[in-house]
Amino acid sequence: MELKDMHFKIASGCGRGLCRRGIGRQDKQLNTYDYLADVPGNNESTDLVEVQFKNTRKAYYHNVYHLDLKKDDVVAVEASPGHDIGVVTLTGALVKLQVKRAHLRSEDEIKRIYRLARPVDMEKYYEAKSREHDTMIRSRQIAKELGLQMKIGDVEYQGDGNKAIFYYIADERVDFRQLIRVLADTFRVRIEMKQIGARQEAGRIGGTGPCGRELCCTTWMKHFVSVGTNVARIQDLSPNPQKLAGMCAKLKCCLNYETDTYIEAARKLPSRDIVLQTEEADFYLVKTDTLAGLLTYSTERRAFVNIQTITAQQAWKVIAQNREGVKPTSLQGDEERGADDKPVDLLANESITRFDTKKKKKKKNKKAKKQ
């Protein structure tokens with residue numbers, strides 16, 4: 001396999017020089033649009049480089065040898081021990097901002113970039129990657145035999161094959177010291193165990209959500225924000241666990257997307273505890289269409305009886321009248337104005353045979369002209 005083809009496979013996109021400068025084609029959610037790519041001297045502003053590895057793992061390295069690196073370049077980087085193979089996803093000034101977001105404890109955590117990957121490096125890389133699936137299946141069997149309450153969701157081999165990272169999920173704390181010894185003897189590599197949550201596991205495995213699109217945690221989400229049942233209440237969603245849970249069995253991350261919009265719209269609506277008083281009866285709020293600004297009131301507090309749907313503006317108007325000691329005749333307000341607002345059927349008084357009559361007249365006129 002040629003080196004160019006290897007670059008294409010690991011980057012899952014175009015080779016060097018074929019992509020637009022600001023856009024990469026890396027897998028999953030780790031690609032970052034570099035809006036400073038066209039700024040002169042951007043790459044010389046810092047020697048820090050962002051490198052992506054398998055799925056959700058990326059790290060930052062010093063370009064100490066001043067290599068001419070661009071997005072989608074496959075590089076060999078310093079690892080402990082040996083070296084690893086990754087894809088350059090970001091260079092220039094934006095890397096400094098990404099490093100701040102990563103909250104690195106010290107500069108010692110930032111290692112070096114050795115070189116652009118050679119064909120020999122890529123051969124070792126693909127040889128190591130070909131062992132990942134079998135290693136994961138075997139490691140699950142070993143964990144089960146040892147009676148450990150954990151699930152190994154993924155295995156990632158280092159580019160040189162000297163180290164393997166085992167990603168696992170567990171509800172409780174697990175003592176896997178014996179597991180590490182067994183895994184090291186079985187696979188003859190250095191073992192690193194890394195615990196992840198259910199959301200991270202779903203992001204690594206991937207899938208399609210109930211919306212018909214690929215999972216957000218797989219495609220673009222980098223950071224997971226806690227989701228509570230309160231967001232479902234704010235959006236008037238049914239408290240059905242099956243509908244609110246995602247592929248990871250946790251509350252869907254997309255429940256947070258529209259929460260701020262609902263909160264902002266809800267501020268324009270009257271409180272649910274306010275009772276609207278009219279000459280007919282007292283009305284209680286039983287249903288709210290927050291985004292449309294429509295409120296449904298009933299004469300019973302916990303039942304739909306004599307329901308009437310009005311706008312938020314009309315509800316505030318009735319509330320203002322009640323505060324002044326005035327009870328309107330109805331919630332709808334001016335009945336005459338309401339009648340004018342009703343849609344008018346322009347064809348109500350027209351005959352459905354009006355066009356047929358015209359056709360008959362045309363035929364009679366043609367016969368008269370012929371005679």
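- The cluster map of Ile, Leu, Val, Met, Phe, Trp and Tyr, joined by side-chain heavy atoms under 4.5 Å apart, puts Val64 and Leu69 in the same cluster.
- Here the closest non-hydrogen pair linking Lys287 and Leu285 is O-CD1, 3.4 Å.
- Proximity of Lys129 to Glu132: side-chain heavy atoms (C-beta onward) are separated by under 4.5 Å at one or more points.
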Inset, instruction - Assess whether side-chain contact (heavy atoms from CB on, under 4.5 Å) is satisfied between Ser80 and Arg190, documenting all intermediate values. - result: CA-CA 10 Å; Ser80 179; Arg190 185 172 179 177; 4.0 Å; yes
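- The environment of CZ in Arg213 is sparse: at most 12 heavy-atom neighbours from other residues, nucleotides or ligands sit within 6.0 Å.
- Side chain to side chain, Asn240 and Gln242 fail the donor-acceptor criterion of an N or O pair below 3.5 Å.
- Expressed to the nearest 0.5 Å, how far CD1 of Ile169 lies from NZ of Lys151 amounts to 5.0 Å.
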Legend entry - Pair Val286-Phe304, side-chain contact (heavy atoms from CB on, under 4.5 Å): steps then yes or no: CA-CA 7 Å; Val286 292; Phe304 288 81; 3.7 Å; yes
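- When side chains are defined from C-beta on, Tyr60 does not count as touching His62, because their heavy atoms never get closer than 4.5 Å.
- In summary, of the residues considered (Glu156, Gln200, Lys194), a side-chain hydrogen bond (donor to acceptor under 3.5 Å, both in side chains) with Tyr167 occurs for Glu156 alone.
- Residues Val51 and Val75 are in side-chain contact: their nearest non-hydrogen atoms beyond the backbone lie under 4.5 Å apart.
- Taking every heavy atom of both residues into account, Leu244 and Ala232 meet most closely at CD1-CB, 3.9 Å.
- Residue Arg112 holds its CZ atom at 13.5 Å from NE2 of His83, rounded to the nearest 0.5 Å.
- Between the CG atom of Asn63 and the CD atom of Glu44 there is a distance of 10.5 Å, given to the nearest 0.5 Å.
- In terms of heavy-atom proximity, Phe53 sits nearest to Tyr61 at CZ-OH, 3.3 Å.
- Transitive grouping of hydrophobic side chains (ILVMFWY, heavy atoms separated by less than 4.5 Å) brings Ile263 and Leu291 into a common cluster.
- Enclosure of atom CG in Asn230 by more than 12 non-hydrogen atoms of other residues, nucleotides or ligands within 6.0 angstrom is indicated.
- Counted by atom type alone, Arg181 and Gln178 present zero donor-acceptor pairs between their side chains at under 3.5 Å.
- Linking ILVMFWY side-chain heavy atoms closer than 4.5 Å, directly or via other members, places Tyr126 and Val120 in two distinct hydrophobic clusters.
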Legend entry - Step-by-step side-chain contact (heavy atoms from CB on, under 4.5 Å) determination, Asp282 to Leu276: CA-CA 6 Å; Asp282 292 345; Leu276 303 187; over 6 Å; no
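- For the 3.5 Å distance criterion, the side chains of Thr290 and Gln235 fail to qualify, holding no donor opposite an acceptor.
- Although no hydrogens or angles enter the test, the distance criterion places a donor-acceptor pair under 3.5 Å between the side chain of Asn322 and the main chain of Val326.
- Looking at Arg115 and Tyr65, their side chains never come closer than 4.5 Å, going by heavy atoms from C-beta outward.
- Within 6.0 Å of the CD atom in Gln149, the count of heavy atoms belonging to other residues, nucleotides or ligands does not exceed 12.
- Distance alone, capped at 3.5 Å, places no donor-acceptor pair between the Lys124 side chain and the Pro119 backbone.
- Minimum heavy-atom separation, Ser298 to Ala303: OG-O, 2.6 Å.
- Counting all heavy atoms, side chain and backbone alike, Ala117 lies closest to Ile85 at CB-CD1, 4.5 Å.
- Two residues are said to be in side-chain contact when any heavy atoms from C-beta on lie closer than 4.5 Å; Thr186 and Ser139 fail this criterion.
- A single hydrophobic cluster is seen to contain both Leu116 and Val88, as judged by linkage of ILVMFWY side chains at heavy-atom distances under 4.5 Å, directly or through other members.
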Legend entry - Verdict with reasoning, Asp175 to Arg173, per salt bridge (charged side-chain N to carboxylate O under 4.0 Å, His left out): CA-CA 7 Å; Asp175 183 6; Arg173 187 172 181 178; over 6 Å; no
Inset, instruction - Starting from the C-alpha separation in whole Å, work towards a yes-or-no answer on side-chain contact (heavy atoms from CB on, under 4.5 Å) for Val49 and Ile113. - result: CA-CA 9 Å; Val49 178; Ile113 293 179; 3.8 Å; yes
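- Cluster membership for Tyr257 and Tyr262, using ILVMFWY side-chain heavy atoms within less than 4.5 angstrom, is not shared.
- Gln321 has its side chain within reach of Pro328: a pair of non-hydrogen atoms, C-beta onward, lies under 4.5 Å apart.
- Taking OG1 from Thr311 and CD from Gln332, the interatomic distance works out to 9.0 Å, rounded to the nearest 0.5 Å.
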If you look only at distance, which donor and acceptor atoms sit under 3.5 Å apart when one is on a side chain in residues 264-275 and the other is two or more places apart or in another chain?
from   : atom 1 : to     : atom 2 : distance (Å)
Glu264 : OE1    : Arg267 : NH1    : 3.1
Ser271 : OG     : Asp273 : N      : 3.3

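- Nearest heavy atom pair, residue Ala93 against residue Ser45, reads N-OG, 3.3 Å.
- Note that CZ of Arg138 is 14.5 Å distant from CZ of Arg131, once rounded to the nearest 0.5 Å.
- Through side-chain heavy atoms spaced under 4.5 Å, either directly or across other Ile, Leu, Val, Met, Phe, Trp or Tyr residues, Leu183 is tied to Met136, Ile137, Ile142, Leu146, Leu148, Met150, Ile152, Val155, Tyr157, Phe166, Tyr168, Val174, Phe176, Leu179, Ile180, Val182, Phe187, Val189, Ile191, Met193.
- Summarising the geometry, atom CD belonging to Glu145 is positioned 14.5 Å from atom CZ belonging to Arg140; distances are rounded to the nearest 0.5 Å.
- Contact check for Glu279 versus Ser330: no side-chain heavy atoms found under the 4.5 Å cut-off.
- Proximity of a side-chain donor or acceptor of Thr299 to a complementary backbone N or O of Val305 within less than 3.5 Å is detected.
- Residues meeting the salt bridge (charged side-chain N to carboxylate O under 4.0 Å, His left out) test with Asp47, sequence neighbours left out: none.
- At least one donor-acceptor pair closer than 3.5 Å links the side chain of Gln158 to the backbone N or O of Pro81.
- Residues Glu50 and Thr89 have side chains that bring a donor and an acceptor to within less than 3.5 angstrom of each other.
- Counting only distance, with no hydrogens or angles, the side chain of Asn42 and the backbone of Gly92 share no donor-acceptor pair below 3.5 Å.
- You'll find the side chain of Lys250 stays beyond 4.5 Å of the side chain of Val227, heavy atoms only.
- Looking at Thr296 and Thr309, their side chains do bring a donor and an acceptor atom within 3.5 Å of each other.
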